[in-house]
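Just so it is clear, the structure is predicted and the values come from calculations on it, not from any experiment. Throughout, protein chains are lettered first and strands after them, A, B, ... in sequence-line order, and every chain is numbered starting at 1.
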Amino acid sequence: MVLSLKSKYLLKIYEVLYKSFGPQHWWPGDTPFEIMIGAILTQNTNWQNVSKAIDNVKKAGLLDPKKLLKHQRMIPKLIRPSGFYKLKSRRLIAFLKYFIDNYNGEASRMNKKRVTVMRNELLSLPGIGYETADSILLYANLRPVFVIDAYTRRIFSRHRMFEYNQPYDEIRHIFESNLPRSVKLYNEYHALIVKLGKEYCKKNEPLCNTCPFPTILLKS
DNA sequence: GTCCTGCTCG
DNA sequence: CGAGCTGGAC
């Protein structure tokens with residue numbers, strides 16, 4: 001597709017999805033810290049299981065960076081429902097140390113840094129890749145970073161907007177350079193993409209007949 | 001069996 | 001690249 005058309009259609013697609021699905025109220029989480037650990041725990045895991053894990057942390061009274069790190073031995077048991085619990089425990093502890101050592105466990109301090117600096121710091125941590133880093137930046141730190149995930153790749157590659165295996169940052173750039181730079185918009189758009197991916201643009205047997213995605217882009 | 005708001009390491 | 005992550009829920 002011609003580049004100049006993308007800015008026109010990407011916003012149009014958003015509007016159609018929003019009208020179809022309404023606001024998604026992302027990210028569920030009362031504090032930036034809760035959102036951050038949710039971003040790590042939700043890797044290759046459905047949110048329902050992550051929610052249980054976070055509830056366990058809450059019930060234990062450890063939804064606080066320093067308290068959680070102090071009781072790090074309890075982490076594997078607490079987060080077990082989110083799956084890959086040993087691996088994710090290591091990742092969570094590494095993040096906690098980073099977050100406390102550099103920012104005293106305060107999102108507001110972290111947020112004083114430039115977004116590119118924060119992003120590179122997060123990406124340097126073990127177990128935090130592009131999607132997790134950008135989810136934290138957008139949903140916890142409220143920075144205008146468009147999150148790309150498997151749903152985004154599947155939906156838009158099926159509509160020939162880009163190739164499924166195109167590099168992450170290239171795809172992110174397509175969205176960020178063709179949409180208004182708005183945290184609210186990026187937040188809602190990604191959430192709508194996830195909903196569309198789960199309910200219509202499924203991996204197997206997608207429901208194309210009733211899909212609300214604008215068909216004008218199909219097989220151009 | 002399949003999917004899930006990935007990432008790492010060989 | 002592809003397998004594996006002490007995975008869990010449907």
Side-chain angles (χ1 to χ4, degrees), chain A residues 14 17-18 21-29 32-57 72-96 98 119-143 145-158 163-172 175 183-207 213:
Chain A
Y14 169 79
L17 293 180
Y18 188 86
F21 296 142
Q24 300 299 301
H25 307 294
W26 272 35
W27 185 297
F33 178 65
E34 182 176 341
I35 294 169
M36 289 173 180
I37 64 176
I40 294 172
L41 295 182
T42 198
Q43 292 171 358
N44 196 34
T45 304
N46 64 45
W47 182 257
Q48 198 178 352
N49 293 348
V50 177
S51 190
K52 290 175 184 171
I54 292 180
D55 278 348
N56 289 341
V57 176
Q72 58 176 275
R73 305 188 67 135
M74 296 177 63
I75 293 179
K77 187 183 293 182
L78 294 172
I79 70 167
R80 191 176 232 283
S82 71
F84 307 124
Y85 66 96
K86 276 205 166 182
L87 179 65
K88 287 180 179 176
S89 291
R90 288 198 297 273
R91 293 178 178 178
L92 189 49
I93 290 168
F95 172 78
L96 290 172
Y98 154 79
R119 190 167 193 261
N120 286 332
E121 284 184 3
L122 290 169
L123 289 174
S124 74
L125 297 176
I128 295 191
Y130 294 114
E131 185 182 340
T132 307
D134 288 347
S135 293
I136 290 173
L137 292 173
L138 177 63
Y139 291 102
N141 287 324
L142 306 181
R143 296 306 188 100
V145 180
F146 203 96
V147 178
I148 307 301
D149 66 347
Y151 292 127
T152 313
R153 291 177 183 275
R154 189 162 76 219
I155 293 166
F156 288 86
S157 63
R158 279 176 173 169
E163 297 296 316
Y164 185 91
N165 286 316
Q166 208 159 327
Y168 183 97
D169 276 332
E170 283 184 23
I171 298 178
R172 182 168 67 90
F175 284 92
V183 171
K184 179 86 175 71
L185 174 65
Y186 292 2
N187 174 321
E188 203 66 65
Y189 207 155
H190 176 64
L192 290 166
I193 285 171
V194 171
K195 185 171 179 68
L196 184 74
K198 288 164 87 102
E199 298 187 1
Y200 292 90
C201 205
K202 300 192 290 184
K203 194 173 189 176
N204 303 315
E205 302 175 28
L207 307 177
F213 196 103

Open item on the list: Rounding to an integer number of angstrom, what distance separates dG7(C) and dA3(C) when you compare their C1' atoms?
Closed with: 16 Å
Task: Closest non-hydrogen atom pair between P206(A) and R158(A), with its separation - done: CB-NH1, 3.6 Å
Task: Y151(A) OH to dG6(B) C1', straight-line distance once rounded to whole Å - done: 12 Å
Task: Whole-Å distance separating the CD1 atom of I54(A) from the P atom of dT5(B) - done: 13 Å
Open item on the list: As an exercise, state the distance from CZ of F175(A) to OG1 of T152(A), rounded to the nearest 0.5 Å.
Closed with: 6.0 Å
Open item on the list: Both K203(A) and T132(A) contact DNA chain B. Taking the nearest nucleotide for each, which residue is further toward the 5' end?
Closed with: K203(A)
Task: Separation of the P atoms in dA9(C) and dC7(B), to the nearest angstrom - done: 23 Å
- [ ] Any chance you could list the contact pattern along nucleotides 5-10 of chain C? Use B for base contacts, S for sugar-phosphate-only contacts and - for none, protein heavy atoms under 4.0 Å, 5' to 3'.
- [x] BBBSSS
- [ ] Could you check how far CG of L92(A) sits from P of dG6(B), rounded to whole Å?
- [x] 17 Å
- [ ] Nearest whole angstrom, please: distance from the C1' of dC7(B) to the CZ of R153(A).
- [x] 13 Å
Open item on the list: Can you check the distance between dC4(B) and dC5(C), where both ends of the measurement are the C1' atom (answer in whole Å)?
Closed with: 14 Å
Open item on the list: My understanding is that only residues two or more places apart in sequence, or in another chain, count here; which of them pass side-chain hydrogen bond (donor to acceptor under 3.5 Å, both in side chains) with N141(A)?
Closed with: none
TODO: Would you give the length of the straight line joining atom CD of Q166(A) to atom OH of Y164(A), rounded to the nearest 0.5 angstrom?
DONE: 13.0 Å
TODO: Flag the pair V145(A) / Y186(A) as yes when at least one side-chain heavy-atom distance between them is below 4.5 Å, and no otherwise.
DONE: no
TODO: Whole angstrom is fine here: how far is it from CD in E199(A) over to C1' in dC3(B)?
DONE: 14 Å
Open item on the list: Quick check on contacts: within residues 34-43 of chain A, what sits under 4.0 Å from DNA chain C by heavy-atom distance?
Closed with: none
Task: dT5(B) base stacked by W27(A) (centroids within less than 5.5 Å, tilt under 30°) - done: no
Task: ring-ring contact (aromatic ring centres under 6.0 Å, His included) partners for Y139(A), two or more places apart - done: W26(A), W27(A)
Task: Side-chain ion pair, D169(A) and R172(A), N-O less than 4.0 Å - done: yes
Open item on the list: So I128(A), base contact, sugar-phosphate only, or nothing? Heavy-atom distance under 4.0 Å.
Closed with: sugar-phosphate
TODO: Using only side-chain N and O atoms of K198(A), determine if any of them is under 4.0 Å from OP1 or OP2 of dT5(B).
DONE: yes
Could you give the side-chain donor-acceptor pairs of residues 87-95 of chain A under 3.5 Å, partners two or more places apart or in another chain?
unit_1	atom_1	unit_2	atom_2	d
K88(A)	NZ	L41(A)	O	2.6
K88(A)	NZ	Q43(A)	O	3.0
K88(A)	NZ	T45(A)	OG1	2.7
K88(A)	NZ	S82(A)	O	3.0
S89(A)	OG	Y85(A)	O	2.6
R91(A)	NH1	Q43(A)	OE1	2.6

TODO: Round to the nearest Å and state the distance from L138(A) atom CG to dT5(B) atom C1'.
DONE: 12 Å
TODO: Indicate the atoms forming the closest heavy-atom contact of T132(A) with A39(A), along with that distance.
DONE: CG2-O, 3.7 Å
- [ ] May I have the distance from K202(A) (atom NZ) to dT5(B) (atom C1'), rounded to whole angstrom?
- [x] 17 Å
Return all side-chain donor-acceptor pairs below 3.5 angstrom for residues 188-198 of chain A, not counting sequence neighbours, or 'none' if the list is empty.
unit_1	atom_1	unit_2	atom_2	d
E188(A)	OE1	K184(A)	NZ	3.4
E188(A)	OE2	Q24(A)	N	2.6
Y189(A)	OH	L10(A)	O	2.7
H190(A)	ND1	V147(A)	O	3.3
K195(A)	NZ	E199(A)	OE2	2.8

Open item on the list: Nearest whole Å is fine: how far is dC7(B) C1' from F95(A) CZ?
Closed with: 16 Å
